[in-house]
Every structure is written in C-alpha cells, then in structure tokens.
Visitor: 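Got a structure for you, written out below as structure tokens; questions coming shortly.
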Amino acid sequence: MKSEKQTYRIKVTGLVQGVGFRPFVYRLAREFGIKGTVDNRNDGVSIMACGKKGEIEDFIAALNAKSPKASQIRKIDYHQVAYVPYDDFRIIKSSDNFSGNEITEVSPDIAVCEECLSDMKTQPHRLGYSFINCTNCGPRFSIIKALPYDRPNTTMSEFELCDKCEQEYKDVNDRRFHAQPVACNDCGPHYELYAEGGIIRDIEGIINRLSALLENGGVAAVKGLGGFNLICDALNEDATLNLRKSKHRDGKPLAVMFRDEKALRKYMQPSAQELQMLKSWRRPIVIVQTSDFPNKVVTSGFNSVGCMLPYMPFHYQLFESTTLDALVYTSANLSGEPIIKDDEIALAAFESKMPVLIYNRKIHNRIDDSVGFVARGKSRMLRRSRGYAPSPVPMPFNADGILAVGAELVNCFCFGRGTQAIMSQHIGDLKNAETLEFFEESIERFSHLYKFEAKAVVCDMHPDYLSSLYARKADLPLIEVQHHHAHMASVMAENALDEEVIGVVMDGTGYGTDGKIWGGEFFTGDLSSFERYAHFAYVPIPGGDAAVKEPWRTALSYLYAVYGKELFNLKILFVQTLDKSKAELIIQLIDKKLNSPESSSAGRLFDAVSALLQLCEVSSFHAEAPMRLEDVLDGTVSGDYPYVYKQRTVDFSPAIKAIVDDLTNDLSPALISAKFHNTVANAVLEVCKKIKEERSLEKVVLSGGTFQNRYLSQKVENDLEAEGFKVFFHRTVPANDGGLALGQLAIAAKKMFNNL
Ligand SMILES: [Zn+2]
Ligand SMILES: [Zn+2]
C-alpha cells in the first residue's frame, strides 16, 4: 500500500507564528493520518506531508478551514516532492534564518481565551492566576523586543519557568506547547496594588480592595496590556467627574467596559455585527448606539458610546467580585501625551491621588485600545492599535525598504517589507513633545524588530508637519506626497487598485499644491499622479488653527460670505448670542486677509453648520463639531438643500442660506442636520457623475476623516452604487490621518520601483 502514498511540501504564509499554529498542524496531521514534519521558517510555516493524495488534499483544506482563531493564512503553496517515508509526524526545530525578504508576522496581543479562563479555576498552579495564557491567547506585540518570537526576545525573559510550566511548554499535546509567555502562580509575573502608603500583594486582597473602592465611587489607575488605564464605576457621575479631573480630560466621551454581553445589552443597542466585533479576540472599543446610557458625564451627551468587553484575566476577576455592570476604561495619560506604560511614571503621576495597580512584567511596545465601528455591515477602524497592530497590510506590489512617516495630528507610520506594509500602532499628536519622542522611539523599535533599514523615506508635502521635518532630516532619498493623494492611495492600496480612479477625499486639513488648505476634494488619477478635478469652494478660515478649536469663527465666515454685514440682522440664535465686538474683529481679519487662510475643507464646512445650529461653537476635543452634527441627525429625513456646482467648484452658499431660513423658522437641528448631510452626499454624487461622463471612470475611492461620519459614508456609498459606480472604502486602516502612511508608502513604492 505504501506505494500509493505521496510526499508534499506545503508552505503556509501569513500570521502563523505565536498563534498556536504548529501544534494545530501537528494535531490535524494526526487526525488525518499524515506523517511528516512542521517547522517555523522566516517566511512562514513549512510542512512536509506524506499520505494518500486524497488525505493530503483533505488535510490542506482543513488547514484553511480550522486554523486557530488568531492566525491569518494568506497563502498555502504546495507541490509534490520525492517520496520520503516518514514514520510519524513531528514538530522540528525552528529555523531562525531571517535573511529572506518576507518575514514572519508579529502577532498582535490576543484576548484571554475561554479555556484559560476555565483553567484559572481548576489548574492547581494557576488558581486565580491573572497572567494565565496559552498558545492561543495572551500578550504578543506588547512584550516582543526582537524576532524570532521566542521567550528570551520578550519581556518574559526575566521570569524563569518552573518545572511544571516547562513541562507544559515542551509537551506538544499541551495547550501551552511553545506558548512563549507561559507562566503560573509560582514562576510568573504578579500584581501589586499601591494604596494609601501600603502595598497589597495577594491577588484576592487586591481584587477585594479594588472592587470595594469602585463600588464606593473611587477611581484607580491599573496597568493594562499596552499601558495604564484609569477606571471607575461607569454609572456613577461623581466618580466619572473625578476621573476626568485626574486625567485633565477634555469633554471627549469615555470608553466603557461592560461586564458581559448581557450587561451591555441592558444599556446599548448593538447590532449583530457590532457584537461580533466586540467579542472577537481583538477586543476593540466599538462605537454602539445607546438607548439611554444614564451617565452623561461618560457620554458627553452623545447618543453612542465606545464599548468593550473584558480581555485580560484581571478584567474577569474584577467583574466577578463586584456587582457593577460597567466600568469607565480609559487610557491613563495626561491630555495629549501618549498612554503611560512604565510603573514608575504611573506611580509618580497617580499615587498621590488614587490606588495604582502595577505588575512586574514590562510593557515593551506601548499600545492603546483600538477603536472601530460598523457601517454597511462591515467593521471599520477609527484607531488601529491593540489587537490589530502590527498585522501587515498586504500591498499589490513591492514596497521594500520605504519608510512612510504619516501625518502630524493622528500619526501612524508604516514601512514596506517586500509586498507587505507594516503599520505602527496609533502614535498620536506629534505636536506633543512626549508623543514625538514615542514616534521616534517606535520607529527605532520597529526597525530593530523587523531588521528594517530604510532606503528611502516618504512624507507629507506640508512645510511644517513634525513627521515631515523628521523625514527631511533623514539622510535618505525623500519623496513628498500631497495629503489627499495619500488618502486616496491608502484606500487603493488596501483594495489592490492600481489604475486610474475617482478619488473623493473629505477631511479637515491638508496642504494643497497651491499652498491653500484643501479638504473637500475630487481627484482623478492613480498612484503615480493625480488631477484635482473639482473641490469645495474656498472660504477664509479666520485664525487658521484657532478656528479648528472655535467652529463659530468658520460659521461666521460662511455667513459673512453669503450676507456681508447684513448677517448681524439675522433672526437666529447663533447671531443673537454672538459676542459682537469679537465678531467684528473676525470680520476685519477676513477683510484684511490677515491670518485667514483659504480652505476647501469639508471638516470646516461641517464645523460651520454645527456651530450655526449651536451644537458646538467651541470645540473641546478633535472633530467634536462634526460628531455632534451627525449625532443629532434624524435618519428618516430625506429632504435636502440647494448648492451650486460650476467651474468645477461646489459652492454651498445656497445651503447656508436655506439653513438660516430653517433656523429662522425654528426647525429642529435633527431635521436641518439630516438635510445638510443629504446635500453633501448629493454634491458628491453629482460631481462623480460629471467625471464619469467626461472621463469614463466608474471606480470611486472614498477617504478622509469626514467619511468616518457613518450616515454620510453610507449614503454616499449607497447613492453611488445605485448609479452604477464601483465604490471602495478602507478595510483595516482608518479613513482619518491614521491611515495616511499606507497611502504615502504606496505612492513612493510606485515612484521608486516604477511598478507601472
Ligand atoms: Zn488561552
Ligand atoms: Zn510556572
């Protein structure tokens, strides 16, 4: 019978290391009667499989169908080789040759699994052990310092395995076979709670103390997976106010961790897809509609809340010992600074104000919680961090050796490794000195981790972006890219589009090739070049950056453009409550063209309407005005306002006039907001139709922060598709500037390698 057997070499690429892939292959091979070997290579997992042809085919199909949940197979290549008579199936030593072009992917951190939660209650050496993990779950990116992903290359290297753990680590039939962070009560990291001058070290004492504190309205700082969090009872207003104070937090809504799905459903109205996203091993924060969340200090008055479910063993332990349904779970940082990751810094910042929970495993790569939402049944990212980074984004072509430094305000950088784009975690606002340091440190850490040496660097053409200044200082070939072209290229790269398309990019601010501020843009073009086909009309933005924080200035500018000084006679509350002397000063700025840059920004247009409706005249956090405008809208309203499209310019003056009329007639913000959103969607559709007629293009890519507006993006996509357009949106990177680096990389790769 042996002669019927054949031997195949199977290569599996993708995220297949650090996720329990080899033991999975081992068990599967046993199940299918396959003999041979499996080992880790620099570019994936290599399998030698000997069996009957049918068995091998079934085995390969099962590799795909049953792979561990955190793994991600990109490709399985296989071919027959000379017959090798294996007598069993074995896992053989990893090859640590990292010279190849393609490299192993680094796994993101993975939420604790069900089996581990159950082991916590039954395994004698792990009873109540808060750092339990296995080949399928636990910390990954946050603790890795170098590749290959082996314990000595992680911050677990300081902990010596006890005999029991070592046995499990070496036993191929054990759930912890080669689980690099494996640990137990005897040999692993442990928590310490600093409270009122004393230190509590036993976990039961810690949990009891914390739950009592939280139930009584206290606030605590606790070390999480990628950094410290501040927590309190999410249904207690005073506690939440105290938490906000210790964080110097602006008015931004806070994220909430619910004890479980049942508790979440009590307050929120999650869709099936939202629940799926919430419960995935990535455990992001998901924006979900609330029926009526009682604590407005958490929601800042919004009708949706950033929700999440427990993902560390500690979270489960804490909820088990309290009756609380939900905790505010927000990153511990002082406004604008990156999330705190080091024990000493957290203690220095918070010990005098509240109990601080630390543990003695170091966080090497700091990483915030990710934030996403669901639109048109698909998950979309607002912040791509824990659970997602550093998973690469596959590119349709080679981008090797290029560093893309990203934007300034919502920074993420990215570098090309073969045909993969390795995106950093969320970095933040580089204008903050500590965040700029984090940016530079992370580029170094990524370079070390992936043995990456930049051959070229690409940045935004903005003259002052700190990321661009960093790029210009590097002694490397430099490519500068227009902001909105990069946005457009980012969607294209994610969707493997490499052809001429229509790009609709709407956001707050981007530097244009004419030196003006762009942001309501219709492009045609591909990855190597673009034409600015049309744009929103320019409006002076009095005070420049100051107007971003004070949307009333932009509203005034729009009114002035439409009514001149007659605006002061309008019978609307916005005008009646204006500080007239301040308003006169603003008008002088506009008239004298002093510090009033012209802008076609969609973000500023939304700011203006939000301020006119008095939803947000002064902004307390980034993009508050457009968010409030979207939040109030009545989705059942189908009306709209007029606008003018001529000479390739979309002029919304008629809409502003009609909004003023509606306000004069006391119509509701819910109705006006809906009509305004519909108007913008109409304009997008009309311009796209013009381009289609003229240029015969029918693929449209959408990007820019304004498209994080769920109502707008869904309407635009639906309307375009109804007219026969093929519409493409972001898949795994954010539409905001957090996704910009990917587009920069794609454009630079095209230029450098002439992938035409
Ligand atoms: Zn586990
Ligand atoms: Zn142990």
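One-based numbering, in listed order, for ligands and for the atoms of each. The figures here come from the full heavy-atom set of this structure, side chains too, leaving out hydrogens, waters and symmetry mates.
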Visitor: Vertex the Zn ion (ligand 1): angle to SG of C113 and SG of C137, to 10°?
Guide: 120°

Visitor: Please answer whether the main-chain N or O of Q276 pairs with a side-chain N or O of S280 as donor and acceptor at a distance below 3.5 Å.
Guide: no

Visitor: For residues Y169 and Q180, is any side-chain donor paired with an opposing acceptor at under 3.5 Å?
Guide: yes

Visitor: At the Zn ion (ligand 1), what is the angle formed between atom SG of C116 and atom SG of C134, rounded to the nearest 10°?
Guide: 110°

Visitor: Compute the ring centroids of F446 and F452, then answer whether they are less than 6.0 Å apart.
Guide: no

Visitor: Between SG of C162 and SG of C184, what angle is found at the Zn ion (ligand 2), rounded to 10 degrees?
Guide: 100°

Visitor: Count the heavy atoms of every other residue, nucleotide or ligand shown that sit under 6.0 Å from CZ of R9, and state whether that count exceeds 12.
Guide: no

